[in-house]
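Residue numbers start from 1 in every chain, and the chains themselves are labelled A, B, ... in the order their sequence lines are given, proteins ahead of strands.
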There are 2 protein chains.
Amino acid sequence: MLRDGRGWQFTLREVARRAGVSHAAPYKHFPDKAALLSELAARGYRHLQEDLIAALAPERRGSARARAIAVAKAYLDFGRGNPSLYELMFSSEIDKSCEASVREASSAVFALIVDILTRGQQAGEFKAVPVEGQAAALWSLLHGLTVLERGRRLPPSEGGLMPIDATIASLLQGLDA
Amino acid sequence: MLRDGRGWQFTLREVARRAGVSHAAPYKHFPDKAALLSELAARGYRHLQEDLIAALAPERRGSARARAIAVAKAYLDFGRGNPSLYELMFSSEIDKSCEASVREASSAVFALIVDILTRGQQAGEFKAVPVEGQAAALWSLLHGLTVLERGRRLPPSEGGLMPIDATIASLLQGLDA
DNA sequence: ACCTGAACACCGTTCAAGT
DNA sequence: ACCTGAACACCGTTCAAGT
């Protein structure tokens, strides 16, 4: 993403400039700007998935709850570390173009969340409710927290910037068996 | 919002065209495009607040849980009914400009959520945890659901498009005293 | 196959000038 | 909380032409 007078721009012409090619060159690789952005978004989802898997690894033998917390923290860190990319991944600019690559990559993230919750249910740690609903709730909570924290829509909490732990705990209590 | 070749555009020039004035006229009312968008976003938050209050009215004597559900449904309906405006309200385009009117209007929405939960805690219906964290969780869940549903990031659920009730129930169970 | 420069139809923004 | 038209420096996209 590129710095503009006031804000972040993403222009094909600037991309070409940085690549040291003419402004028409990108059209040899992508049909249009939306296609380039979709590719970026798909990579974003894959990158996120990798981060979540990496966070899961040390918790391999931990409780489902510990795994859920580890994944939640990694998710929030991804959003904080890649704010422009994260916003792109959920922008209507992306989902209107409806690229298969984006749908696949985001489905994989959802599947990962479903997997953690399913194991938790099987282990008797989480309530045995339809797991897609549970996963939708967890993902929604994580996405909402990411956006609200970034947009400073939540009041600054006493300790620092940390209603997050309490927030995740709230939801997880709803999941507990 | 204005229809473009492929997607939704919002251009000052088109606004001026529709208003039947010259393309320079908007600059007599707003310093720049960001300021106009901030004003729209602030109105969006106020409109949302009104919808939530309206949904609350018939539940005046109901349980805190019934009030929370009514507000959640009204929130989701607002997002579904005003998708472009809703996206604008949470875009980084808006929160970088950091307008006081936006912060005030969005704080009012947060305060409304806090109020419902506070009463629920006082009535002994909701768990007595720090209410800001509880409110952040509920708002995050609602925002996340709105975005994920709209972007079709959640798998189509069996009954129709309805993990929502289950999802809200999940969180509310976490809130139950 | 890959790139280029010119060209077209747009933008946001500014500004001197008109009421 | 007047507006206008010309002008500037950008965009995304296309296209004939070059290697």
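- Stem analysis of DNA chain D (at least three stacked-register Watson-Crick or G-U pairs, each with both distances under 3.5 Å) gives C:4-8 with D:12-16, C:12-16 with D:4-8.
- The interatomic distance linking B/Y27 (OH) with C/dT13 (P) rounds to 3 Å, in whole Å.
- As a whole-Å value, the separation of B/L36 CG from C/dC11 C1' is 15 Å.
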Please assess A/H47 against A/F78 for the test ring pair (Phe, Tyr, Trp, His ring centres under 6.0 Å), listing each intermediate value before the final yes or no. CA-CA 9 Å; A/H47 184 174; A/F78 179 87; 5.2 Å; yes
Show me the protein contacts with nucleotides 4-7 of chain D, counting only N or O atoms at under 3.5 Å.
from  : atom 1 : to    : atom 2 : distance (Å)
D/dT4 : OP2    : B/S22 : N      : 2.5
D/dT4 : OP2    : B/S22 : OG     : 3.2
D/dA6 : N6     : B/H23 : NE2    : 2.9

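- A/S140 places no side-chain N or O within 3.5 Å of a backbone atom of A/A137 that could act as its donor or acceptor partner.
- Atom CD of A/E93 and atom C1' of D/dG12 are 12 Å apart (whole Å).
- Under a cut-off of 6.0 angstrom, the local environment of CZ in B/R46 is crowded, with over 12 non-hydrogen atoms contributed by other residues, nucleotides or ligands.
- Ring-plane geometry between A/W139 and A/F110 is classed as tilted, the angle between the planes lying from 30 to 60 degrees on a 0 to 90 degree scale.
- Note that CD1 of B/I69 and CD1 of B/I116 are 11.5 Å apart. Values are rounded to the nearest 0.5 Å.
- Taking OH of A/Y45 as the start and OH of A/Y86 as the end, the distance is 7.5 Å to the nearest 0.5 Å.
- A/E99 places no side-chain N or O within 3.5 Å of a backbone atom of A/E39 that could act as its donor or acceptor partner.
- At D/dC3, one or more side-chain N or O atoms of B/H29 fall inside 4.0 Å of OP1 or OP2 (strictly under the cut-off).
- Counting only residues at least two apart or in different chains, side-chain hydrogen bond (donor to acceptor under 3.5 Å, both in side chains) contacts with residues 20-29 of chain B are absent.
- What separates CZ of B/F30 from P of D/dC3 is a distance of 12 Å, to the nearest Å.
- For the pair A/K33 NZ and D/dC10 P, the interatomic distance rounds to 16 Å; values are reported in whole Å.
- The CZ atom of B/F10 sits 13 Å away from the C1' atom of C/dG12 (whole-angstrom rounding).
- Using cut-offs of 30° and 60° on the angle between ring planes, the pair A/H143 and B/H143 is parallel.
- In this structure, CG of A/L12 is placed 7 Å from C1' of D/dG12, rounded to the nearest angstrom.
- The CD atom of B/Q9 sits 11 Å away from the C1' atom of D/dC11 (whole-angstrom rounding).
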